[in-house]
Amino acid sequence: MPVQKLQREIERVLGEMGVDAPVAVAFERPRNPEHGDWATNVAMTLAKPLRRPPRQIAEELAQRIDASAAGIRSAEVAGPGFINFRLAGDYLRDGLLGILRDPDAFGRGDAGQGRPVVVEFVSANPTGPLHVGHGRQAALGDAVSELLAWAGWKVHREYYYNDAGEQISMLARSVWARYQQLLGEDAEFPEKGYQGDYIREIAADFRAEHGDRFRGDASDAAMDAVRVFAVRILRAGQNADLDDFRVRFDEFFLESSLYASGQVERTIERLRATGHVFEHEGAVWLRTTAFGDDKDRVMVKGSGHPTYFLPDIAYHLNKWERGFHRAVNVQGADHHGTVARVRAGLQALGLPAGYPEYELHQMVTVMRGGVEVKFSKRAGSYVTLRDLFDEVGVDVTRWFFLMRRSDSQLTFDLDLALDQSDKNPVYKVQYAHARMCSIFRRAGLAADEVSAEGADLALLGHETEVELAKRLLRFPEEVAASAEEHTPHLVTAYLEELAGAVNSWYHAGNRDPGLRVLGVADELSRARLVLARAVQVTLRNGLAVLGITAPERLDRAEAEA
RNA sequence: GCGCCAGUAGCUCAGAUGGAUAGAGCAACGGCCUUCUAAGCCGUAGGUCAUAGGUUCGAGUCCUAUCUGGCGCGCCA
């Protein structure tokens with residue numbers, strides 16, 4: 001990245017000026033293009049320690065900089081003490097060539113250096129079809145995973161679920177009751193049982209397999225048979241939902257395995273050894289307040305059963321011991337209460353304070369015609385993920401889940417999602433991509449046959465072309481920042497802006513045929529094809545990060561008959 | 001009662017470690033179809049950044065209080 005050269009040069013000059021305090025030289029891209037390509041406020045931050053006016057420091061710095069070593073065309077002092085830099089023109093040319101040389105790598109970085117990170121998301125218990133909240137989490141977790149992979153991390157996607165707890169037992173009792181009712185028995189449905197037609201479907205399937213073998217049988221064995229059956233069906237259903245949503249996991253981690261392997265027991269022993277465990281009114285507590293929690297937490301109830309807190313710690317300790325010294329948990333904001341206590345428990349065991357990282361997302365509401373959609377027949381009390389992507393498509397659904405910051409509430413506007421014009425950002429971006437491919441088709445080329453060989457990129461002098469090229473070259477930074485902050489919405493915003501710039505460029509050619517890619521002088525055409533290819537690669541890679549397809553052609557929807 | 005998140009244009013939302021004139025899409029208004037696909041493009045207008053204080057060279061961003069909305073609080077899972 002060109003800015004690194006510039007940074008090294010500034011650090012050298014600072015040394016020359018006798019600045020001994022290590023100063024972080026911060027750069028930013030000015031919003032106003034008149035302020036150049038990059039700017040630094042280092043003179044202002046140095047004003048105090050050096051006891052000199054910021055503008056004076058800036059002037060001296062700007063004068064001492066060796067333009068060619070820094071890779072810049074100009075450095076000028078402005079405002080209260082900013083130094084604005086304009087990069088030497090050839091960085092655009094080099095950048096575009098770089099994109100064509102290795103298209104699949106454009107946007108990738110090495111911040112992670114191949115280190116492992118585990119990203120846990122969805123983690124729904126197998127008690128029903130996935131709902132829209134899980135959908136947001138699936139899209140978010142998958143995009144965060146992909147971003148981290150693009151940033152050079154070795155990513156492990158993991159799904160954690162409880163296959164033996166209270167919720168599962170309620171599931172079993174719900175299905176059991178429906179099964180009995182199917183057999184004509186007078187079974188009472190549990191008060192807090194799972195509503196929704198899918199429970200009846202499972203009961204019917206169970207009957208188809210087992211007939212009336214368990215009629216009136218409420219024994220543990222019967223309940224077990226129902227439970228195992230229901231969990232198997234629902235797991236398969238959830239897996240199909242995720243598969244069709246194009247989300248894959250490397251591992252499904254069962255909570256029950258933590259008990260089976262003795263890890264829960266070992267965790268409590270290790271916690272005891274720290275001296276932070278105490279007993280109070282018959283329960284076993286961990287003094288989490290010693291690590292920033294606002295109250296101490298029960299690990300083992302007076303009944304002798306552990307709370308969820310204990311396996312949570314055991315699970316994260318397990319992640320750490322598997323070598324994942326970085327872990328990201330994508331969860332609903334309703335879990336925020338567990339963050340402080342899990343971290344506290346892990347700190348007690350000597351893990352670092354910020355482990356694991358959490359990306360919490362707020363709720364999703366689905367709107368149609370200005371009215372909230374609350375129910376689906378199959379699930380009863382909620383809208384399923386499948387309802388959504390069956391109706392509007394996987395690409396649109398994923399984009400809509402990703403286009404907002406995760407910590408703001410998300411309104412899923414079905415009317416907008418179904419719209420196939422540029423009001424719908426997904427189509428806008430995909431269409432810009434398809435347009436580039438259309439140009440290649442006209443030129444008789446496949447996208448990857450577009451070559452920079454013999455192209456004179458200095459011919460890309462028009463303002464829209466320069467603007468577009470600059471925007472393209474920002475892509476790697478966008479990916480890096482989004483990966484670090486777990487913020488895929490920055491990528492959707494970037495792509496939408498880029499698509500706007502692409503459309504401007506493309507349409508400049510409609511107004512003035514001299515600005516087209518094809519049908520102009522050979523030399524020029526070759527240069528512009530390079531730009532078009534760079535655009536196409538960037539859009540494609542950006543969409544890939546988000547798990548969204550980049551079609552080469554979008555067929556116009558049939559007009560209403 | 002305590003905690004977390006949010007409050008930015010008519011609507012939906014961006015605004016990375018505090019930086020220069022707060023941005024985008026939609027809606028509104030005015031233009032543009034013998035096109036490298038108008039599912040589009042060009043332009044105009046639109047803001048006391050919830051409110052009140054504070055910190056400093058500088059605050060949408062940090063601190064305090066208040067108001068509004070969402071979520072959470074357990075020997076629940």
Side-chain angles (χ1 to χ4, degrees), chain A residues 24 26 28-32 34-35 39-41 44-45 47-48 53-54 78-82 84 125 162 165-170 280-285 294-295 297-309 332-340 360-363 365 403-411 413 416 419-425 427-428 430-432 434-436 438-443 477-478 480-482 484-485 487 489-490 492-494 496-497 500 503-511 513 515-520 525 528-529 532 553-557:
Chain A
E28 59 176 16
R29 286 182 180 284
R31 291 190 181 130
N32 186 337
E34 284 173 26
H35 294 148
T40 182
N41 63 353
M44 273 125 87
T45 60
K48 216 167 218 173
F82 292 100
N84 296 333
N125 288 340
N162 178 330
E166 186 55 37
Q167 291 181 27
I168 297 296
S169 131
M170 181 58 75
H280 178 67
E281 294 180 355
V284 182
W285 298 65
D294 52 7
K295 53 183 96 163
R297 305 292 170 176
V298 172
M299 293 191 298
V300 182
K301 298 184 258 186
S303 65
H305 293 97
T307 63
Y308 252 21
F309 173 48
D334 52 345
H335 285 78
H336 77 246
T338 66
V339 172
L360 301 180
H361 65 87
Q362 297 285 340
M363 303 294 114
T365 49
M403 69 182 177
R404 304 294 180 222
R405 302 171 39 172
S406 61
D407 55 9
S408 70
Q409 291 163 52
L410 181 114
T411 303
D413 182 345
L416 180 59
D419 188 290
Q420 295 199 357
S421 77
D422 270 15
K423 288 178 200 167
N424 186 334
Y427 284 96
K428 179 174 176 175
Q430 289 185 325
Y431 193 53
R435 275 189 163 138
M436 296 303 108
S438 158
I439 293 175
F440 305 146
R441 270 197 302 278
R442 290 245 174 181
E477 297 161 35
E478 296 285 339
S482 300
E484 198 40 52
E485 317 266 327
T487 49
H489 77 276
L490 295 180
T492 61
Y494 169 81
E496 198 175 345
E497 269 179 42
N503 287 335
S504 293
W505 176 55
Y506 180 86
H507 281 279
N510 279 344
R511 284 190 305 284
L515 294 175
R516 292 189 189 174
V517 173
L518 304 179
V520 296
S525 185
R528 287 180 180 160
L529 273 169
R553 180 196 295 270
L554 286 182
D555 291 317
R556 192 172 307 210

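What you see below is based on every heavy atom in this structure, not just the backbone, and it leaves out hydrogens, waters and symmetry mates. First the proteins, then the strands, lettered A, B, ... as listed; each starts at 1.
Distance, Phe82(A) CZ to C57(B) P: 15 Å, rounded to whole Å. Atoms CE (Met363(A)) and P (C4(B)) sit 17 Å apart, rounded to a whole Å. In this structure, Lys295(A) atom NZ and C73(B) atom C1' are separated by 6 Å, rounded to whole Å. For Gln420(A) and U37(B), the CD to P distance is 19 Å, given to the nearest whole Å. Residue His361(A) contributes atom NE2, which lies 16 Å from atom P of C13(B) at whole-angstrom precision. Atom NZ in Lys428(A) sits roughly 11 Å away from atom P in A24(B) (whole-Å rounding). Computed from coordinates, the Tyr506(A) OH to C33(B) P distance equals 16 Å when rounded to whole Å. As a whole-Å value, the separation of His336(A) NE2 from G3(B) C1' is 6 Å.
Comparing G25(B), A16(B), A14(B) by their nearest atom to the side chain of Glu485(A) picks out A16(B). Ranking C76(B), U37(B), A20(B) by closeness to the Asn84(A) side chain, first place goes to A20(B). Each of U37(B), A14(B), A77(B) was ranked by its minimum atom distance to the side chain of Arg405(A); first place goes to A14(B). Distances were taken from every side-chain heavy atom of His489(A) (C-beta onward) to each of G15(B), U37(B), G74(B); the shortest belongs to G15(B). Of the candidates C76(B), A20(B), C41(B), A20(B) carries the atom nearest the Ala39(A) side chain, counting heavy atoms from C-beta on. Nearest to the side-chain atoms of Leu490(A) among the listed nucleotides C41(B), C76(B), A14(B) stands A14(B). Among U37(B), A14(B), C75(B), the nucleotide with an atom closest to any side-chain atom of Ala493(A) is A14(B). Here A6(B) is the nucleotide among U37(B), A6(B), A77(B) with the atom lying nearest to any side-chain atom of Asp407(A). The side chain of Ser504(A) lies closest to C42(B) when the candidates are G70(B), C42(B), U37(B). In this structure, the nucleotide among A77(B), C71(B), G70(B) sitting nearest to the side chain of Gln409(A) is G70(B).
Going from the C1' atom of U61(B) to that of U56(B) covers 14 Å, rounded to whole Å. Across U68(B) and G30(B), the matching P atoms stand 42 Å from one another, rounded to whole Å. On the C1' atoms, G54(B) is 50 Å away from G31(B), given to the nearest whole Å. For the P atom pair drawn from G46(B) and G23(B), the interatomic distance equals 14 Å after rounding to whole Å. Straight-line distance between the C1' atoms of G25(B) and A9(B): roughly 12 Å, to the nearest whole Å. Atom name P, nucleotides G58(B) and A20(B): the rounded distance is 14 Å, in whole Å. Between the P atoms of G43(B) and C26(B), the separation comes to 13 Å (whole Å). The C1' atoms of C41(B) and A50(B) are separated by 37 Å, rounded to the nearest whole Å.
Residues Pro425(A) and Met403(A) approach most closely at CG-SD, 4.3 Å, considering heavy atoms. Heavy-atom minimum distance, Val298(A) versus Phe309(A): O-CD2, 3.6 Å.
Heavy atoms of Ala532(A) sit nowhere under 4.0 angstrom from any nucleic acid atom. Among the atoms of the strands shown, none is found under 4.0 Å from any heavy atom of Arg528(A). Looking at heavy-atom distances under 4.0 Å, Ala508(A) makes no contact with the nucleic acid at all. Counting any heavy atom pair closer than 4.0 Å across all strands shown, His280(A) reaches a base atom. Within 4.0 Å (heavy atoms only), Glu496(A) reaches sugar-phosphate atoms of the nucleic acid but no base atom. Using a 4.0 Å heavy-atom cutoff across all strands shown, Ala283(A) reaches at least one base atom of the nucleic acid. If you check every strand for non-hydrogen atoms under 4.0 Å, Gly302(A) touches a base. Counting non-hydrogen atoms under 4.0 angstrom, Ser438(A) reaches a base of the nucleic acid. No engagement by Glu497(A) is indicated, since no non-hydrogen atom pair under 4.0 Å with the nucleic acid exists.
Applying the side chain to side chain donor-acceptor pair (under 3.5 Å) criterion to Glu478(A), with sequence neighbours excluded, gives Arg474(A). A search for side chain to side chain donor-acceptor pair (under 3.5 Å) contacts involving His280(A) returns nothing, not counting sequence neighbours. Annotation: side chain to side chain donor-acceptor pair (under 3.5 Å) contacts of Arg297(A) (sequence neighbours excluded): Asp293(A), Asp294(A). Not counting sequence neighbours, the partners of Arg405(A) by the side chain to side chain donor-acceptor pair (under 3.5 Å) test are Asp407(A). Partners of Tyr427(A) by ring pair (Phe, Tyr, Trp, His ring centres under 6.0 Å), not counting sequence neighbours: none found.
With a glycosidic angle no more than 90° from 0, C33(B) adopts the syn conformation.
Between the side chains of Tyr431(A) and Asn503(A), no donor N or O sits under 3.5 Å from an acceptor N or O. Checking Arg404(A) against His361(A) by side-chain atom types alone, no donor-acceptor pair falls below 3.5 Å. No hydrogens or angles considered: nothing links the side chains of Thr487(A) and His489(A) as a donor-acceptor pair under 3.5 Å.
Stem analysis of RNA chain B (Watson-Crick or G-U pairs, both distances under 3.5 Å, runs of at least three) returns B:1-7 with B:67-73, B:10-13 with B:23-26, B:28-32 with B:40-44, B:50-54 with B:62-66.
One can find a donor-acceptor pair under 3.5 Å joining the base of G19(B) and the side-chain atoms of Asn41(A).
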